[in-house]
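Letters A, B, ... are given to chains in the order of the sequence lines, protein chains preceding strands, and every chain is numbered from 1.
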Number of protein chains: 2
Amino acid sequence: MLGGMSSRDPQAAGLARLAGLFADETRAACLLALLDGRAWTAGELARYAGVAASTVSEHLGKLVAGGLLAEERQGRHRYVRLADARVAQLVEDLAAQVPAEARRAPRGLREVSAGSAMARGRTCYDHLAGRLGTAVTDAMTRRGLLRQDTGFALTDAGVEWFGRVGIELARGGRRPLARACLDWTERRPHLAGAAGAALCRHAFAEGWCVRIGSGRAVKLTAVGERVLGEVLGIEADEFRTR
Amino acid sequence: MLGGMSSRDPQAAGLARLAGLFADETRAACLLALLDGRAWTAGELARYAGVAASTVSEHLGKLVAGGLLAEERQGRHRYVRLADARVAQLVEDLAAQVPAEARRAPRGLREVSAGSAMARGRTCYDHLAGRLGTAVTDAMTRRGLLRQDTGFALTDAGVEWFGRVGIELARGGRRPLARACLDWTERRPHLAGAAGAALCRHAFAEGWCVRIGSGRAVKLTAVGERVLGEVLGIEADEFRTR
DNA sequence: TGCGCCTTTCGGTGGGCGCCGAAGTGCGGC
DNA sequence: GCCGCACTTCGGCGCCCACCGAAAGGCGCA
């Protein structure tokens, strides 16, 4: 009936090719690392993933060719980052389906404290995640700014809230204003989309939170704790206990 | 530095393993076929994918072991279907990222007419898609039953509408009531989630639409055209023109 | 009970690909 | 202008895996 079976169904072939980009442990590790939304050099990724520089170079070539990464050459460095928010969402969606038992149990004091810092707060591409992210999302839901009972959308009061706090929402773009992103550590949704990104950007700009070291972990400042208490009514211990 | 590099990062390993299930053209073709939400036998999938029965049998074993498919043995037949709505959403999400140019251009009159039937209306796992799906979604948005401007959620009026039409919404489940599903043919979102599934189930039960032959294409009946005009104000030609 | 269909198991084959080290290229710094 | 560092290219190795045909297993039907 058919011999070599070259290109039977382009849809299936495209899906397989796309999935193939994720289907390698080293490439998957790179994509997960890049979920912090920042640009990494090839060498950093090689050290992070524990493979030779030549190996990671080939992987990055495939990921760029496949449209998942954007690259920027600066002198002798090659910086790569996730191509756009759609790619970031795809990585999130796939990672969220990974069975929970396949998570790493931290070994040693160093990893435990790094892990708990990540659990407290971190960036997820361009928005806030961890307990910090879910606490903000829950508070917005409690206050009627966000509704999750019939889907996931800002309410009119929520749109107004953004304006009152001084965060500009870019309407009209192709990107949805609000969307749910499943949190790995909390196993509950937090606010993503254009509004989540704007909120995160504002939080850093206003000093509500700062990055811890060079990682994706994020720490709430004293200012941030006070402001979030004022504008969202979040109690201070909500960021610590669960 | 490191020899075998066994299990470096369980998260990355899990992601790679999951993606690996999609990363084969034959398995991808099976998953896309199963997106119609129904159960297929192993033999049907083998013929559809154009490979030997023994080959598809091995693939199904992996997909079941990986949790993507559920199987049911009936006599000498092995029926498989997508494990749950989460898996279906994952397949949709991945398929939606496939570059548009990788779509199959239909060849021959038979494929053209089958393709246009699919474009008019079809099921997408457990909800309606194609022009039928987007027409319903657009009408609900126009009437203020669904809001897409600040996310994607039913409004209070929308919840009430479901009750008035006689569709029971299962609240309280883990599944979101409304969620957007990107349509391949229309390139626009349509209603998915628990509400989309309930609407689709109701539409079939009330004879608003029927399946064409044994495929996933769906045809609106005269009754359905009239009822949708009454309850959503959809003009008849909205299903045909775009 | 025996035949036929659907499915599975098994052995074998070929190709694809992830990995490395070594050599090469280009840029920055001393 | 030379050295060093970041990255890339290349050759080669080894493993994994999709594929098939042949044979075996299980079930329905006559």
Notebook entry, point to check: A:H190: what forms a side chain to side chain donor-acceptor pair (under 3.5 Å) with it, not counting sequence neighbours?
Noted result: A:H127, A:D183
Filtered N/O pairs between nucleotides 8-14 of chain C and protein, under 3.5 Å:
residue: C:dT8; atom: OP1; partner: B:R73; partner atom: NH1; Å: 3.1
residue: C:dT8; atom: OP1; partner: B:R78; partner atom: NE; Å: 3.1
residue: C:dT8; atom: OP1; partner: B:R78; partner atom: NH1; Å: 2.9
residue: C:dT8; atom: OP2; partner: B:S57; partner atom: OG; Å: 2.8
residue: C:dT8; atom: OP2; partner: B:R78; partner atom: NH1; Å: 3.3
residue: C:dT8; atom: O5'; partner: B:S57; partner atom: OG; Å: 3.3

Margin query: List the residues meeting side chain to side chain donor-acceptor pair (under 3.5 Å) with B:R76, not counting sequence neighbours, and say none if there are none.
Written below: none
Next item on the list: May I ask you to evaluate whether A:T41 reaches the phosphate of D:dC7, defined as a side-chain N or O under 4.0 Å from OP1 or OP2?
Entry: yes
Notebook entry, point to check: In whole angstroms, how far is the P atom of D:dA18 from the CZ atom of B:F22?
Noted result: 14 Å
Notebook entry, point to check: Between D:dT8 atom P and A:Y79 atom OH, what is the distance in whole Å?
Noted result: 13 Å
Notebook entry, point to check: Is the shortest distance from a Lys or Arg side-chain nitrogen in A:R38 or A:E44 to a carboxylate oxygen in the other one below 4.0 Å?
Noted result: no
Note to self: Under 4.0 Å from OP1 or OP2 of D:dC17: is there any side-chain N or O of B:H59 that close?
What the structure shows: no
Notebook entry, point to check: Taking protein heavy atoms under 4.0 Å as touching, what does nucleotides 25-30 of chain D look like 5' to 3' if B marks base contact, S marks sugar-phosphate-only contact and - marks none?
Noted result: -BBS--
Next item on the list: Measure the distance from CG on B:L63 to P on D:dA18 and round it to the nearest whole Å.
Entry: 10 Å
Next item on the list: Take atom CZ of B:R27 and atom P of D:dC16, then tell me their distance rounded to the nearest Å.
Entry: 15 Å
Check: Excluding sequence neighbours, so at least two apart, what forms ring pair (Phe, Tyr, Trp, His ring centres under 6.0 Å) with B:H59?
Finding: none
Next item on the list: Round to the nearest Å and state the distance from A:H77 atom NE2 to C:dT25 atom C1'.
Entry: 16 Å
Next item on the list: May I have the distance from A:E72 (atom CD) to D:dC7 (atom P), rounded to whole angstrom?
Entry: 14 Å
Taking only distance into account, with no hydrogens and no angle test, what donor-acceptor pairs under 3.5 Å do side-chain atoms of residues 80-87 of chain A form with protein atoms, sequence neighbours excluded?
residue: A:D84; atom: OD1; partner: A:R86; partner atom: N; Å: 2.9
residue: A:D84; atom: OD1; partner: A:V87; partner atom: N; Å: 3.0
residue: A:R86; atom: NH2; partner: B:Q97; partner atom: OE1; Å: 3.0

Checklist line | Residue pairs fulfilling ring pair (Phe, Tyr, Trp, His ring centres under 6.0 Å) with at least one residue in residues 17-43 of chain B, sequence neighbours excluded | finding: B:W40-B:Y48
Notebook entry, point to check: Sequence neighbours excluded, which residues qualify as side chain to side chain donor-acceptor pair (under 3.5 Å) partners of A:R175?
Noted result: A:D126
Checklist line | Those residues that, when tested against B:D93, pass salt bridge (Lys or Arg N to Asp or Glu O under 4.0 Å) (two or more places apart) | finding: none
Item checked: Presence of A:K62 side-chain N/O under 4.0 Å of C:dG18 phosphate oxygens OP1/OP2 -> yes
Margin query: Can you measure B:W40 atom CH2 to C:dC6 atom P for me and round it to whole angstrom units?
Written below: 16 Å
Next item on the list: Please state how far atom CD in B:E25 lies from atom C1' in D:dC17, giving the value in whole angstrom units.
Entry: 15 Å
